[in-house]
Amino acid sequence: MKKRLMGILVFMLLLTACSPSVGLLAPPLPTPPRPASAGEPNTLRYLASQRGFLIGAAVDADALQSDPAYADTLAREYNVVVPENVMKFSNIHPSPDIYDFSAADALVDFAQANGMLVRGHTLVWYAEDPDWVNSGNFTKDQLEQILHDHIATVVGRYKGRVFAWDVVNEAIDDNGQLRDSVWLRGIGPEYIDLAFQWAHEADPNALLFYNDYNGEGLGGKSDAIYNLVKGLHERGAPIGGVGLQMHVTLKNHPSMDDLRANIQRLARLGLVVHITEMDVRLQQPADDQALNAQAQIYKDVVQTCLAEERACQALLTWGFTDKYSWIPNFYGGFGGALPFDQSLDPKAAYNAIKAVLSGN
Ligand code: XIL
């Protein structure tokens, strides 16, 4: 009888060990870096820091300079920042021989001064390439040279100060095919592998991400992203993670089961996940019911991420206050997508995130 019990016990131990989310067969994942400061009690930042989780927001570089309440709220509540625009190609590298680091430097300095981490966004994208790149009629060799110099220069400048980079952004279209871009046309699909390689050469310690939207749950696009990153990984490209953007609405968002399954399958490849750009846009005007439904989605996503905490190591929203958000400009009739309102007061969404982080 004792023997039998022992047998069952050993069998169960083996099962646990082999289970994809805990066990021996799961590849090792890097642990998230620690921000230099945990922040003040009763903030998202503090609660996240207590459990080694990263909570962040995209930053509007102009608001950071002009709006002290914005800067204060950001530093109080978050331990990670990502520049919303100022590290994008056309902003940081506006002419062939000119790099403009001023706004990005100010943001990185702000993060350092406040003990926060920085995600870099983004090195290669189909959008917001400057005209000089798009209409230069460059040869394959020339474009490779341009991309190499761009990545080496930008990543090199922030070496050791940007812990994670969105190396390639949105390279897959809505049909699951490689998206048309000056890089795909001019260099071919290998531009993706090359970008990861060059970013790694410029900062071997940075965690390198593929970042995209509408691939958070399961489905065609998510499969295409999975296959792309699996291929990269198998070919030895230095990819460390996948960014799930999470720009969603009350009606259109992944199911939490699908999100969790997606995080798990990426983790089985040895890749970590960051939720990189979450917002939940609401048809305007929004009533309390809509705001509560929005809070529930934030809550569910944070809960799902924390349920896979080993793999899902960060959650960033795309902005944090409705005072500065890309949504009204890009989605007519929508707004109110973020955890703080226009007056920088916390919304139901903020309280919901806080409740999950404190274990409630
Ligand atoms: C958006 C910014 O928020 C806008 O201010 C800008 O005009 C366009 O880009 N996915 C991304 C982000 O990866 O870079 C985009 O940011 C939003 C969608």
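Atoms within a ligand are numbered from 1 in the order they appear, just like the ligands themselves. Predicted, not measured: the structure shown is a model, and the values here were computed from it.
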As a test of reading the model: which residues have a non-hydrogen atom less than 4.0 Å away from ligand 1?
Glu84, Asn85, Lys88, His121, Trp125, Glu128, Asn169, Glu170, Gln245, His247, Glu277, Trp318, Trp326, Phe330
If we ignore angles and hydrogens, is there a donor and acceptor under 3.5 Å between the side chains of Gln264 and Glu308?
yes
Steps toward side-chain hydrogen bond (donor to acceptor under 3.5 Å, both in side chains) verdict (Tyr210, Asp166):
CA-CA 6 Å; Tyr210 176 78; Asp166 288 332; over 6 Å; no
Return the set of residues passing side chain to side chain contact (heavy atoms under 4.5 Å, CB included) with Asn205 (not counting sequence neighbours), or none when no residue passes.
Asp203
Name all pairs fulfilling the disulfide (SG to SG under 2.5 Å) condition that reach into residues 193-307, sequence neighbours left out, sorted by first residue then second.
Cys305-Cys312
His247 and Trp326: CA distance, side-chain angles, deciding distance, ring pair (Phe, Tyr, Trp, His ring centres under 6.0 Å) verdict:
CA-CA 11 Å; His247 296 290; Trp326 73 307; 4.9 Å; yes
Contacts under 3.5 angstrom, residues 51-66 side chains, donor-acceptor by atom type, not counting sequence neighbours:
from  : atom 1 : to     : atom 2 : distance (Å)
Arg51 : NE     : Glu309 : OE2    : 3.1
Arg51 : NH1    : Leu357 : O      : 3.4
Arg51 : NH2    : Glu309 : OE1    : 3.2
Asp60 : OD1    : Asp62  : N      : 3.0
Asp60 : OD1    : Ala63  : N      : 3.1
Ser66 : OG     : Asp62  : O      : 3.1

